[in-house]
Amino acid sequence: MQLFDTARQEVVPFEPRGGQVGIYVCGITPYDSAHLGHAFVYHVFDVLNRRFRDAGLTVRSVRNVTDVDDDILRVARERGVDFRELADEQVRLFDHDMAEIGLLAPDVEPRATEHVEEMVGWITRLVDGGYAYAVDGWVFFDSGVYPDYGRLSRLDHATMIELSRERGADPDDPRKRHPLDFVLWQASAPDEPSWPSPWSDGRPGWHIECTVMSTGALGHPVDIHGGGNDLIYPHHESEIAQAEAGGVAPYVRHWTHVAMVNLDGVKMSKSLGNLVFVRDLVKRVPGAAVRLLLAAHHYRVSWSYEDAEVEVAAMRLRRYLAAMQGGGTIGHEAALRHKQRFFERLDDDLDTPGALEVLDAIAQELAGGAEDAGPGTEGQQLLGRLLGVLGAEPGAVTA
RNA sequence: GGCGACGUAGCCAAGUGGUAAGGCACGGGUCUGCAAAACCCUGACCGUGGGUUCGAUUCCCACCGUCGCCUCCA
């Protein structure tokens, strides 16, 4: 398997260690419904997971839940419910949506609120090591003593500060020693949930949870760590800083980032409200069709969702189903060739569009076969198995 | 500023180390009283400049351009 690694900026072989692979994907903040952008990211890691398992490796997959955060608290306040109640409900809906499109459940799905104690421990280590400092009950990571900050995203400090100012962040916060310092711990307001710590009754900053939970569940270095490419900076940049400063280096062996999904040329995002929800798609077509829609796009290339794609994907699924249930056959040699080609495409930086072309070819040959061998021929079994590697096995996903 | 993807005839677009599919549009023709429809025919120095090679559109480097993302965000 060859994969693009964000840190090295090139496609490199991924070498499993001892037949095992640990995958950590940054999960959701559960305060709104899952949209196609979420689905694309988790679909990509699901295919990676299935490919590894198909190759006989033991995979341990982890996807966290950021269940305490300003957005959740805000929405919970608006709706007059406890933030835990909101998070539980949204996680349930999210898991349901992901199951509808045939995603394997993660082996571990840690929640931030269940690991605050470990986060406090990690932050304490950073403070003791001189990498973090406390001000008024808040704790900041001191980017001034970590010169490598910016290594992953390849941004220099001046640019990061500029970007940060443009986006309305506050590099000029007088409590910060350096403009790029980020929050590890923040004091909670009286009506906000809080956990005890040496600095204040408060809650963790955004980045610390992933470092604590990924290494907690997988040890270190983490084999594969990733998420949407909008997380490269500052989230993953900050994770690396706090991990390495905390004594965990190297932190991650391989960084994998998935491109953004647009709608009408504009990035699909909660703040803009231009969303296509997974829930609405699975009402129209089988989950396997949604997977084929996603698989038709390479994970490193951003794309713009078109409504017509749904029908195209559904038609493709129907064609595959017909090929699997018809009477066609293909030769043993041809089947082997197709199988090899399919895995070649997948193992070349997860080229799912290329892999689909192979499935199209198999389906076409099966459809062309005039013989009536009945279902269950070698070609039909192969098509079913390969669809399974893409997470689009028709039978398994009709909920 | 960084990173990614892309740059093939008017438009969309496939593809390969050995002088480039297809679709649409345009134009010409067959047919028709005229027109439409249908069918037939017609078009490319493969972004620019280097390099590797017997030979590159295809590989490598640089540059230019377009699009996307970059502390709410997957």
Side-chain angles (χ1 to χ4, degrees), chain A residues 4-11 25-46 63-66 69-75 94 97-98 103 140-141 143 149-173 176 179-184 205-207 210 225-239 241 255-278 294 297-305 349 351 353-354 357 360:
Chain A
F4 186 86
D5 174 38
T6 307
R8 280 170 286 185
Q9 289 298 315
E10 59 181 332
V11 176
V25 187
C26 288
I28 56 157
T29 299
Y31 67 96
D32 205 349
S33 301
H35 61 249
L36 208 56
H38 295 120
F40 189 47
V41 170
Y42 303 124
H43 152 261
V44 166
F45 284 95
D46 187 68
R63 186 178 66 212
N64 71 298
V65 176
T66 305
D69 142 289
D70 288 346
D71 287 310
I72 295 184
L73 298 180
R74 190 195 76 236
V75 173
F94 174 78
D97 284 348
M98 294 302 112
L103 263 77
F140 295 92
F141 184 87
S143 59
Y149 196 71
R151 190 178 71 209
L152 181 70
S153 53
R154 294 173 188 252
L155 299 166
D156 60 52
H157 281 220
T159 306
M160 286 190 278
I161 293 169
E162 189 188 322
L163 272 175
S164 151
R165 192 167 281 119
E166 281 173 14
R167 306 285 157 158
D170 188 9
D172 305 314
D173 187 328
K176 292 184 180 178
L180 294 176
D181 292 356
F182 57 88
V183 177
L184 290 166
W206 176 31
H207 312 303
C210 284
H225 186 144
N229 72 9
D230 53 351
L231 296 182
I232 296 173
Y233 180 80
H235 186 51
H236 291 155
E237 192 71 70
S238 301
E239 278 192 52
W255 286 99
T256 297
H257 290 100
V258 179
M260 294 292 103
V261 178
N262 300 317
L263 183 63
D264 298 326
V266 181
K267 179 182 163 186
M268 202 178 278
S269 76
K270 293 173 186 171
S271 54
L272 295 175
N274 59 336
L275 304 172
V276 173
F277 293 110
V278 173
L294 297 171
H297 295 95
H298 187 88
Y299 81 98
R300 281 201 291 132
V301 182
S302 61
W303 49 285
S304 200
Y305 168 81
D349 199 25
D351 178 11
E357 285 177 26
D360 286 344

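Residue numbers begin at 1 in each chain, while the letters A, B, ... track the order of the sequences. Heavy atoms only: backbone and side chains are in, while hydrogens, waters and symmetry mates are out. Please read all numbers here as calculations on a predicted model, not as lab measurements.
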Checklist entry - Given that Met160(A) and Cys26(A) both sit by RNA chain B, which one's nearest nucleotide is further toward the 5' end? => result Met160(A)
Checklist outcome for this item: The answer to which of Pro234(A) and Glu357(A) contacts RNA chain B further toward the 5' end, by nearest nucleotide, is Glu357(A)
Checklist entry - Heavy-atom distance under 4.5 Å between the side chains of Asp230(A) and Met260(A), does that happen here? => result yes
In whole Å, what separates the [atom1] atom of [N] from that of [M]?
N       : M       : atom1 : answer
rG1(B)  : rC12(B) : P     : 28 Å
rU48(B) : rG10(B) : C1'   : 22 Å
rC45(B) : rA5(B)  : P     : 28 Å
rG23(B) : rG65(B) : C1'   : 26 Å
rA44(B) : rC26(B) : C1'   : 16 Å
rU66(B) : rU52(B) : C1'   : 29 Å
rA9(B)  : rG22(B) : C1'   : 13 Å
rU32(B) : rA20(B) : C1'   : 38 Å

What nucleic acid atoms does [X] come within less than 4.0 Å of, heavy atoms only: base, sugar-phosphate, or nothing?
X         : answer
Gly27(A)  : sugar-phosphate
Gly227(A) : sugar-phosphate
Tyr42(A)  : sugar-phosphate
Val25(A)  : nothing
His35(A)  : base

I need the [atom1]-[atom2] distance between [X] and [N], as an integer number of Å.
X         : N       : atom1 : atom2 : answer
Leu275(A) : rC72(B) : CG    : P     : 17 Å
Asp69(A)  : rC72(B) : CG    : C1'   : 8 Å
Leu73(A)  : rC72(B) : CG    : P     : 17 Å
Asp230(A) : rU71(B) : CG    : P     : 9 Å
His236(A) : rC69(B) : NE2   : P     : 19 Å

Do you know which two heavy atoms are closest between [X] and [Y], and how far apart they sit?
X         : Y         : answer
Val278(A) : Leu36(A)  : CG2-N, 4.4 Å
Ser153(A) : Glu237(A) : OG-OE1, 2.6 Å
Leu294(A) : Ala39(A)  : CD1-O, 3.9 Å
Pro30(A)  : Ile72(A)  : CD-CD1, 3.6 Å

Restricting both atoms to N or O, compile the protein contacts to nucleotides 62-65 of chain B shorter than 3.5 Å, with distance only.
none

Item to check | Parallel, tilted or perpendicular: ring planes of Tyr149(A) versus Phe182(A), cut at 30 and 60 degrees | outcome: parallel
Checklist entry - Between His236(A) and His225(A), how do the two ring planes meet: parallel, tilted or perpendicular, split at 30° and 60°? => result perpendicular
Item to check | Cation-aromatic face contact Arg63(A)/Phe45(A), 6.0 Å, 45 degrees | outcome: no
Checklist outcome for this item: The dot-bracket string of RNA chain B, counting Watson-Crick and G-U wobble pairs with both distances under 3.5 Å, using [ ] for crossing pairs and | for pairs to another strand, is (((((((..(((.........)))..((((.......)))).....(((((.......))))))))))))....
Review item, nucleotides 1-8 of chain B N/O atoms under 3.5 Å of protein N/O:
unit_1: rG2(B); atom_1: O4'; unit_2: Arg154(A); atom_2: O; d: 3.3
unit_1: rG2(B); atom_1: O2'; unit_2: Ser153(A); atom_2: O; d: 2.8
unit_1: rG2(B); atom_1: O2'; unit_2: Arg154(A); atom_2: O; d: 3.0
unit_1: rC3(B); atom_1: O3'; unit_2: Gln9(A); atom_2: OE1; d: 2.4
unit_1: rG4(B); atom_1: OP1; unit_2: Gln9(A); atom_2: OE1; d: 3.0
unit_1: rG4(B); atom_1: O3'; unit_2: Arg300(A); atom_2: NH1; d: 3.3
unit_1: rG4(B); atom_1: O2'; unit_2: Arg300(A); atom_2: O; d: 3.2
unit_1: rA5(B); atom_1: OP1; unit_2: Arg300(A); atom_2: NH1; d: 3.2

Checklist entry - What do the steps show when you test Leu180(A) against His157(A) for side chain to side chain contact (heavy atoms under 4.5 Å, CB included), and what is the final call? => result CA-CA 8 Å; Leu180(A) 294 176; His157(A) 281 220; 4.0 Å; yes
Next on the checklist: One pair to check against side chain to side chain contact (heavy atoms under 4.5 Å, CB included): Tyr299(A) and Thr256(A). What are the steps and the verdict?
Outcome noted: CA-CA 10 Å; Tyr299(A) 81 98; Thr256(A) 297; 3.9 Å; yes
Next on the checklist: Exactly one of Asp349(A), Asp351(A), Asp5(A) should register a salt bridge (charged side-chain N to carboxylate O under 4.0 Å, His left out) with Arg300(A). Which one does?
Outcome noted: Asp349(A)
Checklist entry - When the ring centroid of Tyr305(A) is compared with that of Phe40(A), is the distance short of 6.0 Å? => result no
